[in-house]
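Nothing fancy with the numbering, it's 1 onward along the sequence. Keep in mind it's a predicted model, so treat the numbers as computed, not measured. Read the numbers this way: they start at 1 and go in the same order the structure lists the ligands and their atoms.
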Amino acid sequence: MGILLLSFVIFEKNNAMIRLKDLVAVFEQLAPFSLQESYDNSGIQIGHPDKIITRGLVCLDVSPEVLDEAIEQKCDVIISHHPLLFKGLKQINGLTAVDQVVMKAIREDVAIVSVHTNLDHVIEGVNGMLAEKIGLSKLSPLSPATGLLKKLVTFCPPAQAEVVREALFSAGAGQIGDYDCCSYNLDGYGTFRAGAGTNPFVGKKNELHEEAELRIETIFPVYLQQQVMAALINAHPYEEVAYDIYPLDNKFGKAGNGLCGWLKEPLKEEAFLLQLKEILGLPCLRHSERTGKVLHKIAICGGSGGFLLPQVMAAGADAFISAELKHNQFLECKGRLLLIDAGHYETEQFTKELMVDIVNKKMLNFALLISREEKNPVYYL
Ligand SMILES: [Zn+2]
């Protein structure tokens, strides 16, 4: 009986079932979905969160051809960068490519998950991968996100303060830049009177009590609020934990639009442009008039990033690589910096590799293929 049971356990372990929600959770850890832009629709496009998945196909856009490839390759989930669904569908009649994909994916039971601007906004995301390929270091967001940090204040007897602080830090609170375990602690005392149905940690029921307490202040990103609060309530000795949460206007250095970084070796403009063409596999690229400067600091934004030009100028970048740039933006950069339009697909092409890396690091046994069918929709003559 014992032997039978043991072999059953091993079988179960080797065949650990992965569900769609597990895949979503892997991306949530690196690029929380709450970081996406308001216009975006990252997350599950099609499929029940509990659907069991065994094999995935990675792409930038889910076209009917990519879906057919997934079916042929026996993939039951597609992970795309651009969402299949951006706005609500009022009719699904099969007359558009999106409709066709929706109908066929549901019919063939292929789930679709998209990881878009949330992956754009984290340093280790779309731009981090592009920066790595170009050879940039010391990366920081061009336009750091705001409204993503909150302050937590709680009050705790000094003897239990260390346990409470450690629980908060383990849940992700107290990170400021490259510093962790950040908190501010102030001595004081609290007052309370425990009611009839209570079981107070200190003091007696129905008696006004004074207790020496430490005011602990720390900071946390909003997307960790649930786990930070759970850690506080778990670790704090009091039955009723007193705490305050304040929204902050601070910039969040770990997320934002675009990235700025430094070349390992300064390069002349022509050498840099030629190198970039090779890295991105470009037959040609569009750029503004050369400034004659040697390039040190490079700003990047994969995909459409022209809106970041003011931040690029403010950062003092020598060049800006993005896509879908406009005539007036090339004029604006004349004599100031080298503006490079390297194509939307080209600047985001490494995102497929990135998504495979992210999943493989967390789900060792989950097979992922990169689409072979997907091609740059823009052609050059
Ligand atoms: Zn894009």
Look at the rings of His209 and Phe192 and say which category their plane angle falls in: under 30° parallel, 30 to 60° tilted, over 60° perpendicular.
-> tilted
In this structure, CD of Glu65 is separated from CD of Glu373 (nearest 0.5 Å) by 7.0 Å
Using a strict cut-off of less than 4.0 Å between a Lys/Arg side-chain nitrogen and an Asp/Glu carboxylate oxygen, indicate whether Arg286 and Glu324 qualify as a salt bridge.
-> no
For atom OH of Tyr184, is the number of surrounding heavy atoms from other residues, nucleotides or ligands below 6.0 Å larger than 12?
-> no
N, O or S atom of His344 closer to the Zn ion (ligand 1) than 2.8 Å = yes
Decide, counting backbone as well as side-chain atoms, whether His82 has an N, O or S atom less than 2.8 Å from the Zn ion (ligand 1).
-> yes
Near the Zn ion (ligand 1), is there an N/O/S atom from Glu348 that is less than 2.8 Å away?
-> yes
